[in-house]
Amino acid sequence: MLAKELFNIIGKSTKKYNIISVIPGDGKIITHEDENVLEIGIPKRTYLSMFKQAHDTWQDMSGMNIDDIYYMTLGYLITTNEHHTILKLHRKVTFQLIQERGWSVLAQELQYITSILTCRMSRINKSSSLWHWLKMLTVLSVYINKSTSTYELVIDRAIKSCELHFANYYGCNFLRWVIQINRVIDVPVEFDDVLRKLVISSCRTSLSDCGLWGVLQVYLSTGDIEWTINDLRRIVDSLRQEGLEFTSPVLQIRNTDHVACAIEQLDWLILVQCLVVTPYKSVVQAIPEKTVEEKLTNASTKVRQLAQEILTSKKN
Amino acid sequence: MTDVTFVKDKHIQYVIEQDSHRSFEYWLSEHLRMNGLYWGITTLATINSLDALPKAEVIDFILSCWDDKSGGFGSFPKHDSHILSTLSALQVLRIYDNELTMISSEKRTKLVKFIKELQLPDGSFQGDRFGEVDTRFVYTAISALSLLDELTKEIADPAVDFIMKCRNFDGSFGMVPGAESHAAQVFVCVGTLAITDNLHLINQDIKLASWLSERQVLPSGGFNGRPEKLPDVCYSWWVLSSLAILNKKHWVDLEKLEGFILSAQDLKEGGISDRPDNATDIYHTCFGITGLSLIDWKKYNFKEIDPIYCMPVEVTKNFKKWKNLSS
């Protein structure tokens, strides 16, 4: 099965990112690696065959073992978006495998799903239901097991997905969700640092990406804690309904104060004479008006005009 | 003023051929077929050509997608039901038959139960038992209940509360509270408020209409869905319908938008793409044409489109709106 071949390649990879692309032609799946990235190229005809195999298998699953069903659903997830029937089947099979074989299945599943979400096919990497599935996997593997290394993998790859797909709406909203969840449960202190560094670095390389700068804006501001707690509880409840046994994450509301970080970002924008509106809109929300005005006295005329317009619209 | 003409006959043929080209892409999109059918039928209904597809076959296909286990419609036979495919099915059926006589009372009861059970305690809706929550699903559920004349205060009030929590500092709306503003999410939120007769909650504030009018990208005149993004024909619908509901269509340059939509047509093969010279698809064809209807339906001899339901007004005028249901 072609899907099994593909996910075996991903399973063996030790790279930070596994980036899947569809390339012209026919034949075997090819790979190329550098220091951090395993590039995986699936020839177009092979990609279509992967879908056909999954489709044919789904039409008649009688006598099939659970592994074949699992790989069949993965074959669908890399070739189709928002296939609700398959997503539910995939979830069911994944949880069944976890119950039968233990939590190592979860680590493997997280590898696979984050790799699918960092593929170069835009309709796949922006799939809302797949990002929702990643939320469920993240609650299980990061927030219940409190694994910093798994957290870094998830954040790294979510940001990579957003870099590969300009203003990836559901990818960026996943990152917003992570920021909010970090504020309502007991997590290691380094969670905050990891996310801040990666988001700021990514924002600075893409000044016009409203999605990424919106993520930074959420980091710098306060959010709807009631909604976040409800959402977390709903996910935890749904995981329990699948028969999984675990200790619930401990709620711990923490107050955030990122004004200093916001000022640092404004300083940087002024320094590089950024002329894109979006970054200013994101950072000035978190800074007292008087401070913004003081900072702008050192800015170039163009930057000052731009920022003043934003301040005026903020007042209105 | 654009000099590109609207190639109606080509578009009719394009919609007809969607079902006859059984390529790989056809099967790859099997799970989106019910939505595709809605986009095709709405295109044809809007341009006064509903007869171009065989009514009996379309209805038979929809009924074959009934998922008796959960009580909704899937996107394809043997697929699980989802709120998105359920609304699309109901929209097409109601375009053909305003009385929905093809749905038995037993099915109707199951449908209402299916939709209502997707609502969560905070008023939001999940799309199905997978648990994904999104303002898209709130609109879809509220619209579907409205189509079935089954919208009640108990359902609508918490849904509206949830929608208002999704409003951002810029006046716009996102998929959940705290999510990024997005023009398509604006449509579903404003649409929900309109169906439930709650537009007064946002009408006093011009921030939203300002944000929507800023979506027009010059010099093309097309709309984008968020700041700094490229214009895309589908936002001709999501943005303009929202402005139409808010009675602010005149806040944008309609002539330029019209030119942008017309320039994204494939003049040879029919169909409309996201932007000029890209590949066409049925989704952009539908929302380009419904966008043109919002701009000037009389000029094109189209049906007038309802900005709240994205269906012809001659169908929606019979809908019982929330305000008529108060008990």
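Chain identifiers are assigned alphabetically (A, B, ...) following the order of the sequence lines, protein sequences preceding nucleic acid strands; residue numbering begins at 1 within each chain. These numbers come from the heavy atoms of this one structure, side chains and all, not from hydrogens, waters or symmetry mates.
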Could you check which of [options] has the highest count of heavy-atom pairs closer than 4.5 Å to chain B?
options                      : result
A:Ala167, A:Ser221, A:Cys172 : A:Ala167
A:Gln217, A:Lys281, A:Glu226 : A:Gln217
A:Trp227, A:Tyr170, A:Trp177 : A:Trp227

With only heavy atoms counted, which part of [X] is less than 4.5 Å from chain B, the side chain, the backbone, both or neither?
X        : answer
A:Tyr169 : both
A:Trp58  : side chain
A:His83  : both
A:Ser129 : both

Side chains of [X] and [Y], donor plus acceptor under 3.5 Å:
X        : Y        : result
A:Ser202 : A:Glu163 : yes
B:Trp251 : B:Gln216 : no
A:His165 : A:Asn125 : yes
B:Glu132 : A:Ser128 : yes

Would a 4.5 Å heavy-atom cut-off, applied to side chains only, mark B:Asp134 and A:His132 as touching? no

Taking CD1 in B:Ile206 as the centre, count heavy atoms belonging to other residues, nucleotides or ligands within less than 6.0 Å. Is the count above 12? no

Could you check whether atom CG of A:Asp26 has more than 12 heavy atoms from other residues, nucleotides or ligands sitting under 6.0 Å from it? yes

Part of [X] within contact of chain A (heavy atom distance under 4.5 Å):
X        : value
B:Glu30  : side chain
B:Leu120 : side chain
B:His82  : side chain
B:Ser210 : neither

I need the contact set between residues 169-180 of chain B and chain A: heavy-atom distance under 4.5 Å, sorted by residue number. B:Phe169, B:Gly174, B:Met175, B:Val176, B:Pro177, B:Gly178, B:Ala179, B:Glu180

Residues at least two apart in sequence or cross-chain that pass salt bridge (charged side-chain N to carboxylate O under 4.0 Å, His left out) with B:Glu117, listed by chain then number, are B:Lys113, B:Arg129

Salt bridge check, A:Asp237 against A:Arg233: does any charged N sit closer than 4.0 Å to a carboxylate O? no

Given B:His284, which partner from the list B:Asp232, B:Asp274, B:Asn278 fulfils the side-chain hydrogen bond (donor to acceptor under 3.5 Å, both in side chains) test? B:Asp232

At a heavy-atom distance under 4.5 Å, which candidate from B:Arg136, B:Lys165, B:Glu228 has the highest pair count against chain A? B:Glu228

Do side-chain atoms of A:Thr228 reach the backbone of A:Ile181 as a donor and acceptor pair under 3.5 angstrom? no

What's the shortest heavy-atom distance between B:Thr86 and B:Phe73, and which atoms? OG1-N, 3.0 Å

